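Quick note: residue numbers are just sequence positions, from 1. In each ligand, atom 1 is the first atom listed, and ligand 1 is the first ligand listed. Since this is a predicted model, take the numbers as computed values, not measurements.
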Amino acid sequence: MNITPQVITRFAPSPTGHLHLGHAYSAKLAYDFARKHSGRFLLRIEDIDQDRCKPEYEQAIYEDLEWVGLTWEMPVRRQSDHMSDYKQALDILDQKGLLFPCFCTRKDIRREIEESGRAAHSSEGPLYPGTCRALTETQRQSQLDSGKPYALRLHMAKALELMGHQTLTWTDLEAGEQTATPETLLGDAVLARKDIPTSYHLSVVVDDHQQNISHVIRGKDLFQATHLHRLLQFLLGYKTPVYLHHDLLTDENGWRYAKRDNSKTLKSMRENGEELSF
Ligand code: GLU
């Protein structure tokens with residue numbers, strides 16, 4: 001018997017600002033894909049960064065997506081309700097000896113890179129130079145005892161050791177078969193902070209697993225992150241969804257829509273009685 005698993009897609013915005021046309025495009029792609037395959041479409045609110053997330057942005061997400069013409073299953077998963085799930089995943093990585101606390105500030109990291117004179121770079125910026133990975137147990141303990149804030153980083157070299165000779169791959173419906181090379185792209189990625197037991201990378205991998213997402217449809221700006229997500233799936237024993245990293249929508253001047261600049265928001269469009277062109 002050959003049972004094709006059900007298609008489940010999701011749109012996962014962060015309520016840190018108003019959605020723009022690029023979001024509508026991405027959400028609609030995921031929604032249409034699910035519809036085309038008689039699948040399910042989920043909405044997830046990525047609100048782990050409680051300092052930047054605001055309830056009015058979350059409310060606007062629902063209104064915007066309704067205006068775009070989408071419907072989604074209830075209840076909506078909100079990451080802030082699932083901190084214990086992320087903590088559990090983090091504990092699994094910790095038990096495997098794959099985490100280390102890093103006390104460096106951004107400034108410390110920049111200085112260390114300048115002094116070493118050989119900054120390995122990736123498309124995400126300079127790679128973490130490994131400062132706190134090299135601390136002795138006593139040094140580490142004294143930093144922890146001092147109550148300093150810290151990030152928990154993935155010990156990439158140990159993770160690769162666990163991988164042994166296996167090759168981690170994923171299917172990207174647009175870019176084709178991919179081989180994960182997280183080491184050259186992201187280094188010892190931050191997976192949690194002292195006060196927040198997760199990061200974007202960890203929570204997105206846990207959520208996609210727990211929600212049985214079959215197809216992750218998102219912008220090409222997150223393509224590099226998938227190298228790390230694939231590794232985390234391996235380390236946590238999760239299945240790997242199929243990915244589709246779509247082109248990013250640009251405005252009439254060729255600029256990507258982004259929350260940080262004054263891209264036209266969906267809210268302003270619906271309030272002005274404008275219509276979507278896709
Ligand atoms: N929350 C992310 C964002 O708003 C998207 C995460 C994802 O699709 O994996 O950019």
Review point. Can D207 and R78 be counted as an ion pair, charged N to O under 4.0 angstrom?
Key: no
Review point. Going by distance only, is there an N or O of A12 that falls short of 3.5 Å from an N or O of ligand 1?
Key: yes
Check your understanding: In terms of atom number and element, which parts of ligand 1 are under 4.0 angstrom from non-hydrogen atoms of R218?
Key -> 7 (C), 8 (O), 9 (O)
Check your understanding: Taking heavy atoms and a distance under 4.0 Å, where does L222 meet ligand 1: side chain, backbone, both or neither?
Key -> side chain
Check your understanding: What residue among R40, R10, R44 forms side chain to side chain donor-acceptor pair (under 3.5 Å) with Q211?
Key -> R44
Point to revise | Salt-bridge present (R270, E63; N to O < 4.0 Å) | key: yes
Exercise for review: Enumerate the atoms of ligand 1 whose separation from the nearest heavy atom of V204 is less than 4.0 angstrom.
Suggested key: 9 (O)
Check your understanding: By number and element, which atoms of ligand 1 are closer than 4.0 Å to a non-hydrogen atom of E46?
Key -> 1 (N), 2 (C), 5 (C), 6 (C)
Exercise for review: List every atom of ligand 1 that sits less than 4.0 Å from any heavy atom of R10, numbering the atoms from 1 in the order shown and giving each element.
Suggested key: 7 (C), 8 (O), 9 (O)
Check your understanding: Is the ring centre of W170 less than 6.0 Å from the ring centre of H227?
Key -> yes
Practice item. Check ligand 1 against S14 and write out every atom of the ligand that is under 4.0 Å from a heavy-atom position of the residue. Key: 1 (N), 4 (O)
Review point. Heavy-atom contacts under 4.0 Å between F11 and ligand 1: side chain, backbone, both, or neither?
Key: neither
Practice item. May I ask you to establish whether R153 and Y128 are in a cation-pi arrangement, using a distance under 6.0 Å from NZ or CZ to the six-membered ring centre and at most 45° from the ring axis? Key: yes
Point to revise | R193 CZ: over 12 foreign heavy atoms closer than 6.0 Å | key: no
